[in-house]
Participant: 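Submitted below is the structure of interest, expressed as structure tokens.
Every value quoted in this text rests on a predicted model; they were computed, and no experiment measured them. In the text below, chain A, chain B and the rest are named by the order of the sequence lines, each starting its count at 1. What you see below is based on every heavy atom in this structure, not just the backbone, and it leaves out hydrogens, waters and symmetry mates.
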Protein chains: 2
Amino acid sequence: MTIARTSSGGAPTRGRRPGRSTGDDRELAILGTAERLLAERAFADISIDDLARGAGISRPTFYFYFRSKDAVLLTLLDWVIEEADAAAGDVLDRLAEDPRARWRELIGRFHATFGGHRAVVLACAQVRGTNAEVRRLWAAVLERWVHAVETAIEGERRRGAAPDGLPARDLAIALNSMNERVWYATFAGDGPAVAERDVVDVLLEVWLTAIYRTTCPPPA
Amino acid sequence: MTIARTSSGGAPTRGRRPGRSTGDDRELAILGTAERLLAERAFADISIDDLARGAGISRPTFYFYFRSKDAVLLTLLDWVIEEADAAAGDVLDRLAEDPRARWRELIGRFHATFGGHRAVVLACAQVRGTNAEVRRLWAAVLERWVHAVETAIEGERRRGAAPDGLPARDLAIALNSMNERVWYATFAGDGPAVAERDVVDVLLEVWLTAIYRTTCPPPA
DNA sequence: GATCTCATTCGACAGGGTGTTGACTGGCGT
DNA sequence: ACGCCAGTCAACACCCTGTCGAATGAGATC
């Protein structure tokens, strides 16, 4: 199953004033400036003036393109989510071929996507606490991923590869939550963190033991 | 082992000017106001003026007692951490008696402590992204807890109750991270979350399977 | 009691960020 | 030539933070 993108709706125009197309390059310039500045300092330390100047416009003009600083981040987050969904593809549909390899593929691809945009991911984690829109978007996305994993776990139980136990949904929530927090620590690099080189394998082992009670689940 | 509180130092005076004792009640009033307001709105939506007025003083006077709004939260966090450490006690020293019961006790006590101060915990999670001091304090505390769990896992492996596998530290990081994120979702109530009634048992099952590969590890 | 000291308090200011208003510009269809 | 409108920005109003310097007043000291 390709992870269904039903709810979240038409993403890439979020926060954009319903305008002409002439200023598209300005909009891109703002987004580019945001991702660039995010790589060197925290989101909270970037002012709208920084974004505007970086894009070669004045502060009021910024408001012509985005409702707020947060709306810029929201657009960036949309991109990352889209990329992650594409990377995940239909791996979960082919679990039975080789469960360990497929789960690893799934976790590995998410890791690669988030790692490739760590500045955006970290910034979103930081503002999720204060911005309701980021919170809502992230909640909706997580819900999709949790649901996909829940369904996959139920499939593995049905074919006898995984034992019964926790409700599949609770297990899926716990495992997805673990990944999110562990990646955050690894990318942020503050506090106890798993080395980036090892993180996919560490997460994989916990997923496998939690789902199958073994690290070598049987193929079909 | 009682979880060692070596590094974090003398906690309860953080941010307080080294002053007389007359104004202690004012300080308490500020802290009380903070915890009360935190229960009804987000930390970012509370101004220093709110805290000052709530404590019956003017804004400049606030600065006599605390360096900043964040320093207030930091003091509140210190309290919660102290309470959690006390609640955890020496449970991990008595793991072999009945591993499942002891792990459940540990997770359950943390759950009770955090749940009893969810407003503070949620606020800290929200500002951790923007405030370096909260980040540092939380990182230090987590490091202690991770280390305690790591040691406990190694003990269980040594006595043959738990199989070898992931480095104990990586496993401890992953499991602690999971708890943190899952609790956050449960307390915040946005996005996919485990029901508060079930959360301890859900976490426990994942811990047991990840550490022992079974949900009924053997006592000594 | 007069005086001194020092913790405590706050009015007033400076600074920096956000979001809005109203006027200006220049390309383009008529 | 004229009007329209996307696009632009100087200037403003507002809010919040942090600081400074001048009061206040309770106890210690003479």
Side-chain angles (χ1 to χ4, degrees), chain A residues 13-34 37-38 40-76 123 126-127 129-134, chain B residues 13-34 37-38 40-76 123 126-127 129-134:
Chain A
T13 55
R14 181 185 306 279
R16 168 76 191 285
R17 293 257 257 278
R20 202 52 53 261
S21 59
T22 319
D24 262 8
D25 44 347
R26 299 288 162 88
E27 186 172 334
L28 267 305
I30 293 173
L31 289 163
T33 303
L37 291 183
L38 237 24
E40 60 190 41
R41 55 190 201 271
F43 186 67
D45 294 336
I46 298 173
S47 72
I48 289 181
D49 204 48
D50 292 332
L51 296 179
R53 284 182 191 289
I57 57 179
S58 72
R59 204 166 53 78
T61 299
F62 168 93
Y63 287 99
F64 182 83
Y65 293 101
F66 290 96
R67 264 198 325 288
S68 67
K69 200 172 64 160
D70 291 0
V72 177
L73 189 57
L74 222 37
T75 302
L76 253 18
Q126 284 167 14
V127 302
T130 60
N131 181 292
E133 273 189 284
V134 170
Chain B
T13 55
R14 178 188 308 279
R16 168 75 191 286
R17 294 258 256 278
R20 203 55 51 262
S21 58
T22 320
D24 261 9
D25 44 346
R26 299 290 163 86
E27 187 172 332
L28 267 305
I30 293 173
L31 290 163
T33 302
L37 291 182
L38 236 24
E40 60 190 42
R41 54 191 203 268
F43 186 68
D45 294 336
I46 298 173
S47 72
I48 289 181
D49 206 46
D50 293 331
L51 295 180
R53 284 181 192 289
I57 57 179
S58 74
R59 205 166 53 77
T61 300
F62 168 92
Y63 287 99
F64 183 82
Y65 293 101
F66 290 96
R67 266 198 325 287
S68 67
K69 198 172 65 160
D70 291 0
V72 177
L73 188 58
L74 221 38
T75 302
L76 254 18
Q126 284 168 13
V127 301
T130 60
N131 180 291
E133 274 189 282
V134 170

Participant: Choosing from D/dT19, D/dG7, D/dT17, which nucleotide comes nearest the side chain of B/Pro60?
Facilitator: D/dT19

Participant: Rounded to the Å, how far apart are A/Glu27 CD and D/dA6 C1'?
Facilitator: 14 Å

Participant: The side chain of A/Phe64 lies closest to which of these nucleotides: D/dG18, D/dG7, D/dC12?
Facilitator: D/dG7

Participant: Measuring from atom CG of B/Asp49 to atom CD1 of B/Ile57, what distance do you get when rounded to the nearest 0.5 angstrom?
Facilitator: 10.0 Å

Participant: According to a strict under-4.0 Å criterion, is A/Thr61 in side-chain N/O contact with OP1 or OP2 of D/dC9?
Facilitator: yes

Participant: Counting only side-chain N and O atoms of B/Tyr65, is one of them less than 4.0 Å from OP1 or OP2 of C/dT9?
Facilitator: yes

Participant: Calculate the interatomic distance between A/Asp49 atom CG and C/dG19 atom C1'; express it in whole Å.
Facilitator: 13 Å

Participant: Is the backbone of B/Leu51 close enough, under 3.5 Å, to the side chain of B/Lys69 for a donor and an acceptor to pair up by distance?
Facilitator: no

Participant: Could you tell me the separation between the CG atom of A/Asp45 and the C1' atom of C/dG17, rounded to a whole number of Å?
Facilitator: 13 Å

Participant: Roughly, in whole Å, what's the span from CZ in A/Phe66 to P in C/dG19?
Facilitator: 14 Å

Participant: Rounded to the Å, how far apart are B/Ile48 CD1 and D/dG18 P?
Facilitator: 5 Å

Participant: In whole angstrom, what separates A/Asn131's CG from C/dT18's P?
Facilitator: 14 Å

Participant: Between atom CZ of B/Phe62 and atom CZ of B/Arg26, what is the distance when rounded to the nearest 0.5 Å?
Facilitator: 14.5 Å

Participant: Please give, in whole Å, the distance from D/dA6 P to A/Ile57 CD1?
Facilitator: 17 Å

Participant: Of the listed nucleotides (C/dT21, C/dA12, D/dT17), which one gets closest to any side-chain atom of B/Lys69?
Facilitator: D/dT17

Participant: Does the side chain of B/Ile48 reach to within under 4.5 Å of the side chain of B/Phe66, using non-hydrogen atoms?
Facilitator: no

Participant: Taking CG from B/Leu51 and P from D/dT17, how many angstroms apart are they, rounded to a whole number?
Facilitator: 9 Å

